[in-house]
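Notes to accompany the following structure.
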Amino acid sequence: MTRAWQAVGLERERHLLVAREGAKPVAVAILESGPPGTNPFGLLDSVRLFALSPRARLAYPALMDGARSWFAQRFRDVFTFLAEEPGDVEAAGLHDAAPDAKPALWLIPSDLASGFLEHIHEQTAPRPHFHPQKELS
């Protein structure tokens, strides 16, 4: 994916963070970044968390801290957390006071993201200009 985007001069990157208990993976964060300036509302700069064990949610805060660091290293001021399951936002510790945490993030339930993008497209798509025809005399 990255090579295809780079071939046309655009930036795209994906990275996985894996939380482990000993050697056993318990949760994974999928981090993605897109090209600055073509990235409406930071939706291409996103994080998704996935449980691999019943204790996965205990690792979510550490994965989100890792995501903040990863995006900060790419000079991103914001990223979007696409919550996959009910309760993920709370488990990720996103309501904790973290005034110095950079970058900031958006929270969007993953099942609403496609509708949100459609709404943005409808609101920002170019519209044909109406020029009334004057009757020739």
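- With a 4.5 Å cut-off on side-chain heavy atoms, L31 and L17 count as touching.
- The hydrophobic cluster containing F75 does not contain F79, counting ILVMFWY residues as joined when their side-chain heavy atoms lie under 4.5 angstrom apart, directly or transitively.
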N/O donor-acceptor pairs under 3.5 Å from side chains in residues 57-64, not counting sequence neighbours:
from, atom 1, to, atom 2, distance (Å)
R57, NE, D88, OD1, 3.2
R57, NH2, P86, O, 2.7
R57, NH2, D88, OD1, 2.8
Y60, OH, A51, N, 3.4

Begin from the C-alpha positions of L49 and E84 and carry the test side-chain contact (heavy atoms from CB on, under 4.5 Å) through to its verdict.
CA-CA 7 Å; L49 299 177; E84 298 292 328; over 6 Å; no
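- Side-chain contact check for R12 versus L44: some heavy-atom pair is nearer than 4.5 Å.
- Put simply, the side chain of D45 gets close to the backbone of G34: a donor and an acceptor are under 3.5 Å apart.
- With sequence neighbours left out, the side-chain hydrogen bond (donor to acceptor under 3.5 Å, both in side chains) criterion links E21 to R55.
- Looking only at side-chain heavy atoms (C-beta outward), R20 and V26 stay at 4.5 Å or farther from each other.
- F81 contributes atom CZ, which lies 10.5 Å from atom OG of S46 (distance to the nearest 0.5 angstrom).
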Quick one, W70 with V47, criterion side-chain contact (heavy atoms from CB on, under 4.5 Å). Give me CA distance, side-chain angles, the key distance, then yes/no.
CA-CA 11 Å; W70 190 80; V47 176; over 6 Å; no
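- With respect to R74 and E13, a salt bridge is recorded, a charged nitrogen being found less than 4.0 Å from a carboxylate O.
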